[in-house]
J.: 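The structure under discussion is supplied below as structure tokens; questions concerning it will follow.
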Amino acid sequence: MIALESVEGGRAVRRALAEHPIQGPVWLCAIGKAAESMTLGAVEALGDACVGGLLITKPGHTDPRRLRGTGLETLIGGHPVPDAGSLAAGARLLTAIERAPAEATLLFLVSGGASSLAEVPIAGLGLAELQRMNRWLLGSGLPIQAMNLIRKSVSRIKAGGLLSVLAERPVRLLAISDVPGDAVGVIGSGLLVAEPDLAERVGRLDLPDWLADWTRRGLAERGTGSGRGPVTELVATLAMAQSAVAAAAGSLGQPVWRHADLIQGDAADAGRRLARALLDGEPGLHIWGGETTVRLPKSPGRGGRNQHLALAAAIELAGHENVLLMSVGTDGTDGPTEDAGALVDGHSLERAELASLDALDGLARADAGRLLEASGDLIRTGPTGTNVMDLILGLKC
């Protein structure tokens with residue numbers, strides 16, 4: 001909880017607006033999994049200066065009662081795969097910006113998930129095509145940077161595409177980073193970040209013919225985005241969450257080992273590697289973070305990258321005492337599940353075997369969630385109001 005509180009969207013936005021207040025009326029636009037928490041922080045900081053706005057998030061990540069009386073419009077899009085709500089949100093986003101009060105500063109609040117929640121595709125691509133593309137991306141094993149390059153290439157609003165409707169309006173952009181290296185053009189697929197070399201970067205990717213054709217068509221239609229966007233102010237990052245955990249553990253006298261390397265690549269490989277590092281490492285709390293990938297089989301089971309990583313780690317930790325490893329998505333969800341991740345130990349596999357479940361089979365079928373539920377190791381937090389990639393903690397006593 002200490003890690004999540006340190007990067008909670010409302011707190012992060014209040015802090016940013018207190019340090020650098022906005023003068024005059026403000027119209028806000030929040031998009032992402034943390035849209036509600038960021039919005040509530042902004043409304044609290046702005047008071048009567050907030051003259052309306054638009055909030056776009058995923059199902060289960062907003063409560064209308066908390067926004068009652070704010071005058072803000074709320075839309076729900078699909079995640080991780082776009083749905084009809086995503087297209088409706090994209091269309092509404094364009095008209096809402098054009099109709100925002102001329103004298104107001106436009107305050108954008110962007111967090112992870114924005115790539116799927118609002119979309120305006122190029123001509124000839126509809127919902128069915130977008131869903132096919134995103135389902136392929138989610139099972140491809142590609143890193144988020146590459147996935148978002150592809151999404152940008154077929155979108156009229158991503159990669160700075162939204163800049164064309166801003167004209168010369170004053171704009172401020174606050175973002176929560178859910179991407180490796182805190183690359184601002186990757187967060188939410190860079191709605192306000194133009195990408196001049198987009199075509200070149202997409203051209204280097206090895207894509208199936210049907211998708212390569214779509215990206216070529218998209219790049220020809222949309223270009224690279226025009227205009228110079230606002231500076232992206234990062235109000236919450238993985239490093240902030242890690243620092244909070246390290247400080248809390250240190251204050252309790254716990255030895256802390258913070259590992260600088262960002263955990264990426266195949267989730268199972270990462271889980272095995274981190275478990276071995278924990279077993280071979282010094283006693284104390286080991287802190288990692290990052291975002292891994294899973295190449296899905298044709299008919300995947302239940303789970304997400306954190307559960308997949310945790311199960312692979314549990315195989316390595318089997319039979320060892322006094323070691324635990326936790327891998328969680330800081331947004332409170334892991335893949336297409338409502339679980340955030342899992343906390344495993346040296347006896348996780350024994351507990352799963354009582355339900356006649358095999359760990360290697362669970363990995364092969366991308367069905368880690370079913371096994372981890374049986375072993376009692378799943379973690380469920382609900383929406384957290386933030387999203388700063390995945391946090392991985394290992395404890396060796």
Side-chain angles (χ1 to χ4, degrees), residues 80-82 86 90 110 112-116 118-126 128-164 175 177-229 232 234 238 261-270 273 289-298 305 308 335 389-390:
V81 176
S86 304
V110 179
S115 293
S116 175
E119 184 58 285
V120 182
I122 60 165
L125 263 65
E129 290 79 15
L130 284 177
Q131 291 181 333
R132 179 187 179 189
M133 180 188 77
N134 278 275
R135 289 192 177 103
W136 183 88
L137 290 173
L138 292 168
S140 68
L142 288 172
I144 186 63
Q145 299 95 323
M147 292 172 63
N148 279 3
L149 285 175
I150 297 165
R151 289 166 169 153
K152 292 174 185 180
S153 69
V154 298
S155 172
R156 290 170 49 205
I157 60 174
K158 295 176 171 60
L162 202 58
L163 294 173
S164 62
S177 175
D178 68 326
V179 301
D182 299 329
V184 296
V186 183
I187 302 169
S189 292
L191 295 169
L192 300 177
V193 183
E195 195 156 354
D197 62 347
L198 179 59
E200 178 185 349
R201 297 179 67 194
V202 172
R204 293 197 293 264
L205 299 175
D206 183 17
L207 304 177
D209 291 343
W210 59 270
L211 186 52
D213 177 61
W214 291 359
T215 60
R216 283 192 295 268
R217 287 163 47 195
L219 290 165
E221 175 185 326
R222 56 147 284 131
T224 58
S226 59
R228 182 175 180 179
T232 303
L234 296 178
L238 174 63
D261 52 317
L262 196 68
I263 306 304
Q264 300 182 83
D266 183 77
D269 290 344
R273 183 172 71 253
E291 187 166 293
T292 59
T293 58
V294 178
R295 187 177 292 275
L296 296 176
K298 186 175 181 179
R305 61 179 180 263
H308 203 74
M389 294 192 286
D390 302 333

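Hydrogens, waters and symmetry mates play no part in the numbers below; they use all other heavy atoms, side chains included.
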J.: Hey, could you give me the CG/NE2 distance between Asp266 and His308, rounded to the nearest 0.5 Å?
T.: 6.0 Å
J.: In the structure I gave you, are the side-chain heavy atoms of Leu205 and Leu211 within less than 4.5 Å of one another anywhere?
T.: no
J.: Hey, does Trp214 have a side-chain heavy atom less than 4.5 Å from the side chain of Leu130?
T.: no
J.: Given Lys152 and Val202, is the side chain to side chain contact (heavy atoms under 4.5 Å, CB included) satisfied, shown in steps?
T.: CA-CA 9 Å; Lys152 292 174 185 180; Val202 172; over 6 Å; no
J.: Could you go through Leu142 and Ile150, starting from their C-alpha distance and side-chain angles, then the distance that decides it, and tell me whether this counts as side chain to side chain contact (heavy atoms under 4.5 Å, CB included)?
T.: CA-CA 11 Å; Leu142 288 172; Ile150 297 165; 4.0 Å; yes
J.: Give a yes or no on this: more than 12 heavy atoms of other residues, nucleotides or ligands lie within 6.0 Å of atom CG of Asp209.
T.: no
J.: Judged by atom type as modelled, is there a donor-acceptor pair below 3.5 Å linking the side chain of Glu221 to the main-chain atoms of Ala123?
T.: yes
J.: Please report the shortest heavy-atom distance between Leu262 and Pro180, naming the atom on each side.
T.: CD2-CB, 3.2 Å
J.: Can you name the closest pair of heavy atoms from Ser189 and Ser115 and give their distance?
T.: OG-OG, 2.6 Å
J.: Could you tell me whether a side-chain N or O of Ser140 sits under 3.5 Å from a main-chain N or O of Leu137, the two making a donor and an acceptor?
T.: yes
J.: Look only at the side chain of Glu291 and the backbone of Asp390, and say whether a donor-acceptor pair between them is shorter than 3.5 Å.
T.: no
J.: Scan side-chain atoms only and decide if Ser153 and Thr215 contain a donor-acceptor pair under the 3.5 Å cut-off.
T.: no
J.: Could you measure the distance from the CD atom of Gln145 to the CZ atom of Arg201? Nearest 0.5 Å is fine.
T.: 8.0 Å
J.: Within a strict 4.5 Å, meaning less than it, do heavy atoms of the Met133 and Leu125 side chains meet?
T.: no
J.: Taking all non-hydrogen atoms of both residues into account, name the closest pair between Asp178 and Gly112 and its distance.
T.: OD2-CA, 3.1 Å
J.: Which heavy-atom pair separates Leu207 from Ala212 by the least distance, and what is that distance?
T.: CB-N, 4.2 Å
J.: Which heavy atom in Pro82 sits nearest to a heavy atom in Ser116, and how many Å separate them?
T.: N-OG, 3.3 Å
J.: Could you check whether any side-chain heavy atom of Ile187 comes within less than 4.5 Å of a side-chain heavy atom of Leu234, counting everything from C-beta outward?
T.: yes
J.: Should Lys158 and Glu195 count as an ion pair when the cut-off is N to O under 4.0 Å?
T.: no
J.: Enter the distance from Leu163:CG to Ile157:CD1 here, rounded to the nearest 0.5 Å.
T.: 11.5 Å
J.: Would you say the side-chain atoms of Asp182 pair up with the backbone N or O of Ser177, donor to acceptor, closer than 3.5 Å?
T.: no
J.: If the test is side chain to side chain donor-acceptor pair (under 3.5 Å), which one of Glu119, Arg151, Glu129 qualifies with Asn134?
T.: Arg151
J.: Without swapping roles, check the side chain of Arg305 against the backbone of Val294 for a donor-acceptor pair under 3.5 Å.
T.: no
J.: Would you say the side chain of Asp213 lies within less than 4.5 Å of the side chain of Arg216, judging by non-hydrogen atoms?
T.: yes
J.: Can you name the nearest heavy-atom pair linking Thr292 to Ala267, along with the distance?
T.: OG1-CB, 3.4 Å
J.: In Å and rounded to the nearest 0.5 Å, what is the CG to CZ distance from Leu198 to Arg222?
T.: 6.0 Å
